[in-house]
*Asks:* 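Here it is, the structure, as structure tokens.
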Amino acid sequence: MAVRVRFAPSPTGFLHVGGVRTALYNWLFARHHGGTAVLRIEDTDTEREAAGAIEQIQRSLDWLGLDFDESPAAGGAHGPYRQSERMERYHGAVERLLEAGHAYRCYQTPEELEAARDRARHTDDPAAPTRLHRELTREQVARFEAEGRPAIIRFRTPLEGETVVEDLVRGRIAFEHRLLGDTVLLRGGGAPTYQLANPLDDMEMGITHVIRGEDLLPSTPRQRLLVEALGGAFPQTAHLSMILGGDKKRLSKRHGAASVEEFRAAGYVPQALVNFLALCGWSWDGETEIMSLAELVERFSLDRVNPAPAVFDHEKLAWMNGAYLRALDAGAYATALRAHLADQASPLAGAERLDELVPLVQEKLGALGEFDALVGSLVESRDPDPEAWARLAQDANAAAVLDAAVSALTDLEPFGAEQVEAALRGVCEALELKPRQAFQPIRIAIAGSTVAAGLYESIAFLGRDESLVRLARARTAVAG
RNA sequence: GGCGCAUUCGUCUAGGGGCCUAGGACGCCGCCCUCUCACGGCGGUAGCACGGGUUCGAAUCCCGUAUGCGCUACCA
């Protein structure tokens, strides 16, 4: 049977790294098996929906290179792909369940339910409060209806036996029916719950494998029971572990960047994020770390997915991003850099000669977002770093070095990095200073900072006139 | 409280009875390279949660304990 998987986020905000990992594993599994990847938006809870979230999710997936075959944007034969557009199907299914006796109307008010739940919490039947209206008499129903009480629809979960789930990642897991309780299918206002909409859509969309977070593991048996009551085939499941923050709590905003948009803004490349997340809970041979999307597709398998939770390691991601950046050829690097600067509306975005800066920064940047800090001052005039400027003033050699540098560069011809190096080395010899002593004041003069790109290349990039202007400006800040 | 999942260096992981005096990677430390910062090279640090079994032999299998996380919603 052809593989069909789905990624089914609810549009409550930006796409999170945990969500990306889920999307990625689904996508890799589909591509590996030549199957179909479906993107379905679970927007049954209008209360929690965030404006623009659907577009945002789609945009993030596009950026990551995860193309879903069927989606709200791309359409497909099993649509619509937004649950808010599938309401009649949920109600139809509920009608069938009601008729077959698999579901029933429950008239409990939220307050009644909560009170009962508090009482039952420490008993040996904590799920009891959910089935209080399971066997209402005709008279009781009539009375509730007469009172005008709204009804919710609950699933009639078997009271005995158990449901066994054969999870592809975790193996065999048994759940006692008695502890499940009667799941709410339709809310008071008639809106479907996740527990109804999600498995029904999977069924109607022909989903063969459900790959999702471990937090959904406990709802698997009730969804399975529901699908079977509807006469459908329940898909295979693979429950992925959670991604945690450094404190072992579920990853969230508190732990720093966690959304795709944030990594994008910081200048991460999508391949690095994808590669890193692929390795967050899965491995190929335990040794190979850098893998292209194509290699991941070829190598991915659910039986190598690790069931244990993983802490999200920003540092390793940063390293990997730098590795990807360094591996780019100059042209690709320039393209990525321009795209990033434009994307972030940087004032440097339109600058000419950016390509010339690539060799100066490529091996130094861990993320494209660091570009501005490293060489922004070469592209446009900036105020120097006050701390560096203060150090310049303190430097006993600064005056002599700056003067010597000016005379060494004034008539230098041609004005290339190699010639600049020779000239500056001459300055060192003449003053009997080590390069590290002599170059620091020059660096501060040229770049306005103690941390910068290569000195000779920077000077060559600036050109003679601008270099001399900067040296002169620094000279005025130095006594003597 | 109940149910479920998980537990190998600080972190991501390899390991599925003898190949393990536990391998790789990030981080960290040291050295080298060096015009700063990086890159790169070399070396080092650090781990099988605990307790019982099973077995000639256990990181690997079983049981228990502990700890963490998830679920226990008219959220998903």
Side-chain angles (χ1 to χ4, degrees), chain A residues 8-10 12 42-45 47-48 106 108-110 113-114 117 120-127 130 150 152-154 165 167 169-170 173-176 178-181 183-195 197-198 212-221 239 241-242 244 246 248-250 276 279-290 304 306-320 322-323 326 361-366 370 374 388 421 424-425 428 434-440 442-444 447 449-456 458:
Chain A
S10 59
T12 54
E42 310 229 323
D43 55 351
T44 54
D45 184 12
E47 304 269 306
R48 299 206 317 156
C106 169
Q108 291 175 104
T109 64
L113 213 207
E114 200 174 328
R117 193 150 32 212
R121 191 148 218 111
H122 304 297
T123 68
D124 65 348
D125 190 7
T130 66
I152 62 172
I153 307 297
R154 282 187 188 275
V165 174
D167 192 80
V169 171
R170 281 152 218 280
I173 308 159
F175 297 89
E176 269 189 81
R178 196 177 61 87
L179 299 170
L180 256 27
T183 314
V184 175
L185 268 20
L186 245 37
R187 296 180 250 216
T193 61
Y194 165 79
Q195 300 294 1
N198 177 281
R212 60 182 5 172
E214 186 189 0
D215 50 336
L216 267 11
L217 184 56
S219 58
T220 305
H239 285 89
S241 65
M242 303 280 88
L244 313 174
K248 308 273 184 174
K249 302 286 185 209
R250 209 160 157 171
F276 177 77
L279 257 20
C280 214
W282 172 84
S283 67
W284 162 238
D285 57 3
E287 310 256 311
T288 312
E289 307 231 272
I290 303 292
R304 289 194 62 84
N306 187 343
V311 172
F312 187 77
D313 187 351
H314 275 89
E315 303 233 47
K316 187 159 183 175
L317 204 211
W319 162 79
M320 190 172 278
R326 271 172 250 123
V361 301
Q362 186 164 12
E363 67 180 19
K364 295 180 188 294
L365 297 189
E370 297 158 12
L374 192 67
E421 172 169 12
L424 293 185
R425 292 213 177 264
C428 295
K434 296 196 163 155
R436 62 185 315 132
Q437 295 174 291
F439 289 174
Q440 195 65 349
I442 302 177
R443 168 172 299 107
I444 295 171
S449 167
T450 54
V451 176
L455 228 205
Y456 327 130
S458 296

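To find a chain, count down the sequence lines: A is the first, B the second, and so on, and within it residues start at 1.
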*Asks:* Roughly how far apart, to the nearest Å, are B:G53 and B:U60 at atom C1'?
*Replies:*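 Comparing C1' positions in B:G53 and B:U60 gives a spacing of 15 Å.
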
*Asks:* Using atom P of each nucleotide, how far apart are B:G70 and B:G30 to the nearest Å?
*Replies:*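 After rounding to an integer number of Å, I get 38 Å for this pair.
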
*Asks:* Can you tell me the distance, in whole Å, between the CG atom of A:Leu185 and the P atom of B:A73?
*Replies:*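 Rounding to the nearest Å, CG of A:Leu185 and P of B:A73 are 16 Å apart.
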
*Asks:* Please compare A:Leu113 and A:Pro307 by the position of their nearest nucleotide in RNA chain B and report the one closer to 5'.
*Replies:*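 Going by which nucleotide is closer to the 5' end, it is A:Pro307.
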
*Asks:* For A:Lys364, enumerate each residue passing the side chain to side chain donor-acceptor pair (under 3.5 Å) test, keeping only those at least two apart in sequence or located in another chain.
*Replies:*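 Applying side chain to side chain donor-acceptor pair (under 3.5 Å) to A:Lys364 gives none.
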
*Asks:* Sticking with atom P, work out how far B:C19 lies from B:A6, rounded to a whole angstrom.
*Replies:*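 Approximately 26 Å lies between the P atom of B:C19 and that of B:A6.
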
*Asks:* Does B:C48 have a Watson-Crick or wobble mate here (both distances under 3.5 Å), and if so which one?
*Replies:*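 By the stated definition (distances under 3.5 Å), nothing pairs with B:C48.
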
*Asks:* Closest nucleotide of RNA chain B for A:Val169 versus for A:Thr109: which of these residues is on the 5' side?
*Replies:*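 Per heavy-atom nearest nucleotide, the more 5' residue is A:Val169.
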
*Asks:* Regarding A:Ile152, tell me which of base, sugar-phosphate or nothing describes its non-hydrogen contacts under 4.0 Å with the strands shown.
*Replies:*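 Since a base atom lies under 4.0 Å of A:Ile152, the category is base.
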
*Asks:* Write down the distance between CG (A:Leu217) and P (B:U72), rounded to a whole number of angstrom.
*Replies:*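 Rounded to the whole Å, the gap is 12 Å.
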
*Asks:* Taking atom P in both B:A46 and B:C5, compute the distance separating them and give it to the nearest angstrom.
*Replies:*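 Result for the P pair: 36 Å, nearest Å.
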
*Asks:* Does A:Arg117 put a side-chain nitrogen or oxygen below 4.0 Å from OP1 or OP2 of B:A73?
*Replies:*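 Yes, such a contact exists.
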
*Asks:* Of all residues at least two apart in sequence or in a different chain, which pass the salt bridge (Lys or Arg N to Asp or Glu O under 4.0 Å) check with A:Arg48?
*Replies:*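 Counting only residues at least two positions away or on another chain, A:Arg48 forms a salt bridge (Lys or Arg N to Asp or Glu O under 4.0 Å) with A:Asp45.
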
*Asks:* Looking at A:Ser10 and A:Thr12, would you say the former's side chain and the latter's main chain have a donor-acceptor pair under 3.5 Å?
*Replies:*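 Pair absent, no side-chain N/O of A:Ser10 close to backbone of A:Thr12.
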
*Asks:* Quick one: CE on A:Met242 to CZ on A:Phe312, what's the gap to the nearest 0.5 Å?
*Replies:*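 Interatomic distance, A:Met242 CE to A:Phe312 CZ, rounded to 0.5 Å: 14.5 Å.
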
*Asks:* If we call it a pair only when both distances are under 3.5 Å in a Watson-Crick or G-U wobble match, what pairs with B:G68?
*Replies:*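 Paired with B:G68, as far as the under-3.5 Å criterion goes, is B:C5.
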
*Asks:* For the pair made of CZ in A:Arg170 and C1' in B:A6, what is the distance, rounded to whole Å?
*Replies:*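 After rounding, the gap between these two atoms is 7 Å.
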
*Asks:* Between atom CG of A:Leu217 and atom OG of A:Ser241, what is the distance when rounded to the nearest 0.5 Å?
*Replies:*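 With rounding to 0.5 Å, CG (A:Leu217) is 12.0 Å from OG (A:Ser241).
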
*Asks:* Sticking with atom C1', work out how far B:U45 lies from B:A25, rounded to a whole angstrom.
*Replies:*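 After rounding to an integer number of Å, I get 15 Å for this pair.
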
*Asks:* Separation of A:His239 atom NE2 from B:G4 atom P, in whole Å?
*Replies:*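 Spelled out: NE2 on A:His239 to P on B:G4 is 15 Å.
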
*Asks:* Nearest whole Å is fine: how far is B:C26 C1' from A:Leu317 CG?
*Replies:*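 Answer to the nearest Å: 11 Å.
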
*Asks:* Rounded to whole angstroms, how far apart are CG on A:Leu179 and C1' on B:G4?
*Replies:*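 After rounding, the gap between these two atoms is 11 Å.
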
*Asks:* Can you tell me how far P of B:C74 sits from CG of A:Asp45, to the nearest Å?
*Replies:*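 Atom-to-atom, A:Asp45 to B:C74, this comes out as 12 Å.
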
*Asks:* Using the salt bridge (Lys or Arg N to Asp or Glu O under 4.0 Å) criterion, which residues pair with A:Arg212? Sequence neighbours excluded.
*Replies:*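 Expected list: none.
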
*Asks:* Applying salt bridge (Lys or Arg N to Asp or Glu O under 4.0 Å), can you list everything that pairs with A:Arg178, at least two apart in sequence or on another chain?
*Replies:*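 Salt bridge (Lys or Arg N to Asp or Glu O under 4.0 Å) list for A:Arg178, sorted by chain: A:Glu176.
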
*Asks:* Hey, does A:Ser449 reach any base, or is it just sugar-phosphate, or nothing, if we go heavy atoms under 4.0 Å?
*Replies:*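 No contact.
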
*Asks:* In Watson-Crick or G-U wobble terms, both distances under 3.5 Å, what is the partner of B:A58?
*Replies:*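 Pairing partner: none.
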
*Asks:* So do A:Lys316 and A:Leu279 actually touch side chain to side chain, heavy atoms under 4.5 Å?
*Replies:*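 Side-chain contact under 4.5 Å: no.
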
*Asks:* Which value, in whole Å, describes the distance between the C1' atoms of nucleotides B:G15 and B:C32?
*Replies:*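 To the nearest whole Å, 34 Å.
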
*Asks:* Within the 4.0 Å heavy-atom criterion, would you say A:Glu214 contacts the bases, only the backbone, or no part of the nucleic acid?
*Replies:*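 Base, at least one base heavy atom under 4.0 Å.
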
*Asks:* Using side-chain heavy atoms (C-beta onward) and a distance below 4.5 Å, is A:Val165 in contact with A:His239?
*Replies:*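 Sidechains of A:His239 and A:Val165: no contact.
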
*Asks:* By salt bridge (Lys or Arg N to Asp or Glu O under 4.0 Å), which residues pair with A:Arg304, not counting sequence neighbours?
*Replies:*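 A:Arg304 satisfies salt bridge (Lys or Arg N to Asp or Glu O under 4.0 Å) with no other residue.
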
*Asks:* Go through the structure and list residues passing side chain to side chain contact (heavy atoms under 4.5 Å, CB included) with A:Gln195, not counting sequence neighbours.
*Replies:*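 If we apply the side chain to side chain contact (heavy atoms under 4.5 Å, CB included) test to A:Gln195, skipping adjacent residues, the hits are A:Thr183, A:Thr193, A:Ser219, A:Arg222, A:Gln223.
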
*Asks:* Which nucleotides of nucleotides 31-39 of chain B have their base under 4.0 Å from a protein heavy atom (B), which only their sugar-phosphate (S), and which neither (-), written as one string 5' to 3'?
*Replies:* ----BBBBS

*Asks:* Need the pair for B:G16. Rule: Watson-Crick or G-U wobble, both distances under 3.5 Å, any strand; none if unpaired.
*Replies:*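 Result: none.
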
*Asks:* Expressed in whole Å, how much space separates the P atoms belonging to B:U11 and B:G68?
*Replies:*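 Looking at atom P only, B:U11 and B:G68 are 15 Å apart.
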
*Asks:* Listed by chain and number, what are the side chain to side chain donor-acceptor pair (under 3.5 Å) partners of A:Gln108, not counting sequence neighbours?
*Replies:*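 A:Gln108 satisfies side chain to side chain donor-acceptor pair (under 3.5 Å) with no residue once adjacent residues are dropped.
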
*Asks:* State which residues pass side chain to side chain donor-acceptor pair (under 3.5 Å) with A:Gln440; sequence neighbours excluded, sorted by chain then number.
*Replies:*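 Here the qualifying residues are A:Arg443.
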
*Asks:* Which way is the base of B:C63 turned, syn or anti, if we draw the line at 90° from 0?
*Replies:*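 Anti.
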
*Asks:* May I ask which nucleotide in the shown strands pairs with B:G30, Watson-Crick or G-U wobble, both distances under 3.5 Å?
*Replies:*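 Base-paired to B:C42.
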
*Asks:* Given the P atoms of B:U13 and B:A49, what is the spacing between them in whole Å?
*Replies:*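 Taking atom P in both B:U13 and B:A49, they lie 15 Å apart.
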
*Asks:* Base, sugar-phosphate or nothing for A:Glu176? Non-hydrogen atoms, less than 4.0 Å.
*Replies:*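 Here A:Glu176 touches no strand at all.
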
*Asks:* Which nucleotides of nucleotides 58-67 of chain B have their base under 4.0 Å from a protein heavy atom (B), which only their sugar-phosphate (S), and which neither (-), written as one string 5' to 3'?
*Replies:* ----------

*Asks:* Across nucleotides 11-17 of chain B, 5' to 3', mark each nucleotide with B, S or - according to how protein heavy atoms within less than 4.0 Å reach it.
*Replies:* BBSSS--

*Asks:* For A:Lys249 and B:G70, what is the distance between atoms NZ and P respectively, to the nearest whole Å?
*Replies:*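 Computing the A:Lys249:NZ to B:G70:P distance gives 7 Å.
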
*Asks:* Could you please name the partner base of B:C35, counting Watson-Crick and G-U wobble pairs only when both distances are under 3.5 Å?
*Replies:*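 Here B:C35 is not engaged in any pair, so there is no nucleotide opposite it.
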
*Asks:* How would you list, by chain and number, every residue that makes a side chain to side chain donor-acceptor pair (under 3.5 Å) with A:Glu42, sequence neighbours excluded?
*Replies:*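 Side chain to side chain donor-acceptor pair (under 3.5 Å) list for A:Glu42, sorted by chain: A:Arg40, A:Gln83, A:Asn198.
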
